[in-house]
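Numbering of ligands and ligand atoms starts at 1, following listing order. Computed over heavy atoms, backbone and side chain alike; hydrogens, waters and symmetry mates excluded.
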Amino acid sequence: MNPAPTSSMQDASTQALQGRRVGVLGYGSQGRAHALNLRDSGLQVTVGLRPGGTTAAQARTDGFSVAAPAEVAGGSDLLAVLTPDMVQPQLYREAIEPHLHTGAALLFAHGLNVHYGMIAPRRDLDVVLVAPKGPGALVRREFERGAGVPCLFAVHQDASGHARERVLAYAAGIGGARTQLIETSFREETETDLFGEQAVLCGGATELVKQGFETLVEAGYQPEVAYYECMHELKLIVDLLYEGGLAQMHRYISETAQYGDLTRGPRVVNAETRQRMREVLGEIRDGTFAREWVAEYAAGNPQYKALKQRDLTHPIEQVGAALRARMGWLRAGRDAAPAAPKRAAGG
Ligand code: NAD
Ligand code: MG
């Protein structure tokens with residue numbers, strides 16, 4: 001493991017939490033990354049998990065003391081709730097609210113439960129948010145190389161008068177302050193995060209990939225060729241966008257590709273798509289999506305499971321698995337994330 005990055009600036013920015021007890025509930029994608037980064041930033045971290053789970057073993061292997069969520073809540077000055085969103089309301093009622101001491105801070109990495117009222121935190125608590133704009137493995141990897149992932153932060157409730165210092169100290173502790181911190185509200189973080197993962201990042205992008213693949217295959221082209229064209233090469237384009245926006249992409253693709261992009265792209269993703277995007281955003285804003293997801297989860301996820309199964313058995317997955325088995329470099333640098341169940345959502 002790399003040595004903990006040290007800089008006086010960073011020590012100063014985690015000041016509000018130095019000597020305080022930080023509890024982290026959940027040790028999955030975000031939980032593990034936050035806990036490791038906070039500890040490397042000199043903070044005192046305890047992990048709260050149900051006994052016997054697979055991630056509890058991982059947390060112990062990583063050298064953390066692990067206890068039941070209620071016990072960790074009772075012993076924390078700041079408690080980060082990093083379990084899956086849908087288990088948080090019950091966890092709050094049973095393990096957090098009765099135990100977290102007066103004046104403590106309650107931190108989330110996504111504003112969903114507080115924004116839609118599934119969790120109504122006690123009035124004496126500071127309620128804050130730090131949402132890294134990237135998956136946990138990246139939050140850890142960037143920290144280890146002395147960088148960080150940009151984070152949104154927000155204060156929902158400032159009972160102590162120090163909520164902002166505390167949330168900034170946490171963001172600094174996970175490495176977010178090394179790149180960029182953007183202040184937001186629980187509402188803006190929640191609504192934009194849901195929209196991004198539904199319309200563009202996860203839902204939009206994968207639907208575009210699958211439909212492109214299907215169009216080529218039904219027209220008689222080889223599935224292997226369609227796979228490279230519609231899924232594999234997407235990364236090359238996304239990397240260019242990430243590094244330097246549209247200009248960087250235009251710099252690296254051919255003139256023929258540019259002309260095709262500029263004239264055909266708007267025919268594929270068009271005014272009707274925009275209208276659908278507005279509808280999706282509307283359902284996020286009026287709470288329709290959150291109510292539907294809560295009901296689905298409560299019913300045991302029948303629709304979620306069926307739709308996910310359809311994705312996992314899509315022909316592009318069979319072709320892709322065979323082709324990726326020959327890409328040795330993919331196995332070498334795989335995310336060092338723990339064996340946690342991945343949530344069905346993006347960054
Ligand atoms: P995850 O599914 O990767 O990990 C969940 C962890 O919680 C696991 O350690 C699991 O064992 C534990 N857990 C599950 N049920 C529990 C319970 N009842 N009591 C105690 N522990 C329990 O979760 P994640 O993807 O890291 O998401 C955590 C939070 O971070 C969510 O609010 C999510 O919206 C937010 N977030 C996630 C990402 C991401 O990239 N995954 C990005 C930004 C924000
Ligand atoms: Mg998201």
Of all the atoms in ligand 1, which lie at a distance below 4.0 Å from a heavy atom belonging to [X]?
X: D85; value: 31 (C), 32 (O), 33 (C), 34 (O)
X: L91; value: 19 (N)
X: L49; value: 9 (O), 12 (C), 21 (N)
X: H110; value: 32 (O), 34 (O)

Check whether any heavy atom of A131 sits under 4.0 Å from an atom of ligand 1. no
Exactly one of V45, V47, I174, V22 should register a side-chain contact (heavy atoms from CB on, under 4.5 Å) with H34. Which one does? I174
Closest candidate by heavy atom, reference atom 7 (O) of ligand 1, pool G28, S29, A70, P84: P84
Measuring from atom 17 (C) of ligand 1, which candidate in Q88, E197, E94, R50 has the nearest non-hydrogen atom? R50
Is it possible for you to check whether R324 lies under 6.0 Å from the centre of the six-membered ring of Y227, through NZ or CZ, and within 45° of that ring's axis? no
Look only at the side chain of [X] and the backbone of [Y], and say whether a donor-acceptor pair between them is shorter than 3.5 Å.
X: D77; Y: A104; value: no
X: K305; Y: G300; value: yes
X: T46; Y: V72; value: no

Side-chain heavy-atom pair R122, Y92 within 4.5 angstrom cut-off: yes
I want to know if ligand 1 touches Q30 in the polar sense, i.e. an N/O pair below 3.5 angstrom. yes
Checking heavy atoms under 4.0 Å, the part of L25 that sits near ligand 1 is neither
If we set the cut-off at 4.0 Å for heavy atoms, which region of T83 has an atom near ligand 1: side chain, backbone, both, or neither? both
